[in-house]
Student: 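Structure in structure tokens, see below.
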Amino acid sequence: MVSQVGTWLSLTAVSWLVLTELHGNGTDIGVLAAAQFLPTLLLGPWAGVLADRRDVRRLLLITQSASLVVATVLAGLELAGRLELWSVFTLVALQGLATAFDNPTRQALLGELVAPKLLPNAVALNSAGFNCARIAGPAIAGLLIEIAGTRVCFALNAVSYLAAIGALIAIDGGDLYARPTVARGKCQIRQGLRYALDVPVLRVALLTMAVVGTVSMNFTVLIPLFARTTFRTGASVFGLLTTALGAGSLIGSLRAAHNEQPSLDQLSKAAFALGLAMIATAASPNLPVAMISLVICGMCVMTFLATTNTLLQLNSRPDMRGRVMSLYLVLFIGTSPLGGPVVGGIAQALGTRAGFVYGGLGGLAGGALALRYRSAGVPDSMTVEEN
């Protein structure tokens, strides 16, 4: 949680830095998102294979240590006043490289921390912890930026990685639930992709994630533009808008913790709800209404993500889970290099409200896709024999 708060401090600060001190625009914010998430798009499948082959705790210690180094360099350059657009994009891309290997490994670790029957609850509680940080981080960042500038946020983020590294060291490996060891072999990425496409519920969940992830999940681009260009406010309001989205996500993740058996029907409803909420946000006449709409967006986002995540984890063989979850993360995070510049360009040309409408249409399309397959008789889960 400490480390994740630091991450949100940095994410909030770097967007604001590009938009204000470095005189960037909507397209630059889109490029920033692309730099952050392109490594996941390119390397996510290889990261999933690595997560299936290796000790996930050791891999996480490597990725977190690499992130610590990048965060320290970013903080040092900002303190020295030497940051430029190209160096920000480069450092964010390096951080994205570490994250590309970190994310599927952390998802795989969940399956080792708890028994299978508790996995849906663990996924939801993990999301709740993430969203507590998502609430606190941007709000704190907004205040710190107003008081002391972005450099303090970057410095605190670098220090926060020590908490994550300490937590990983503190885990007793003997208490983990063992999973099958995957030996090195040929075509393992292709095997993972073929497996995910052959299992109907996995295929539908991933296709729906592809649509919603590419078109709708671009809040890191839209929210700073919403604060800066639509409502013409400062960093503190930017932090509050991001916090509103995080507060809704926390509520959604806590609700998901009570969902013992996710379904494609729930996935479809969550995508439809997200689409409508984003369109409502686009129509917000003032800041308070926009914040309420973003809370609802956050609830829908987390319900959708938690349902997708749990469907994939419960219906994946243990020896394939890392590769399946890497595909999920490629479609969730890695599609931002495709969707971020597009929505940034739309917001730059037609206004941020048009960007929210575009995202809303993506949610409606994803909901229709999941509903179509569910209506065609695709089951919500597979038996062990079928799987």
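This chain uses plain numbering: 1 for the first residue, then up along the sequence.
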Student: For Thr63, which residues count as a side chain to side chain donor-acceptor pair (under 3.5 Å) partner, sequence neighbours excluded?
Tutor: Asp102
Student: Just jot down the side chain to side chain contact (heavy atoms under 4.5 Å, CB included) partners of Pro341, sequence neighbours excluded, or say none.
Tutor: Ala34
Student: Honestly, is Arg228 close enough over Phe238, meaning NZ or CZ under 6.0 Å from the six-membered ring centre and within 45° of the axis?
Tutor: no
Student: Per the side chain to side chain contact (heavy atoms under 4.5 Å, CB included) rule, which among Leu17, Leu91, Thr72, Val73 passes with Phe154?
Tutor: Leu17
Student: Within 45° of the ring axis of Trp46 and under 6.0 Å from its six-membered ring centre, is that where the NZ or CZ of Arg323 lies?
Tutor: no
Student: Which distance, rounded to the nearest 0.5 Å, do you find between the OG1 of Thr99 and the CZ of Arg106?
Tutor: 8.0 Å
Student: Rounded to the nearest 0.5 Å, what separation is found between the SG atom of Cys300 and the CD1 atom of Ile251?
Tutor: 11.0 Å
Student: In Å and rounded to the nearest 0.5 Å, what is the CG to CG distance from Leu225 to Leu19?
Tutor: 6.0 Å
Student: Check for a donor-acceptor pair, side chain of Thr243 on one end and backbone N or O of Pro138 on the other, with a separation under 3.5 Å.
Tutor: no
Student: Return the set of residues passing salt bridge (charged side-chain N to carboxylate O under 4.0 Å, His left out) with Arg353 (not counting sequence neighbours), or none when no residue passes.
Tutor: none
Student: Kindly indicate, with the supporting measurements, whether the criterion side-chain contact (heavy atoms from CB on, under 4.5 Å) is fulfilled by Phe356 and Val343.
Tutor: CA-CA 8 Å; Phe356 273 102; Val343 76; over 6 Å; no
Student: Please identify which of these residues, Ile62, Leu50, Leu59, meets the side chain to side chain contact (heavy atoms under 4.5 Å, CB included) condition with Thr105.
Tutor: Leu59
Student: To the nearest 0.5 Å, what is the distance between CE (Met325) and CG (Asn103)?
Tutor: 10.0 Å
Student: Atom CE of Met209 and atom CG of Leu369: how far apart are they, to the nearest 0.5 Å?
Tutor: 12.0 Å
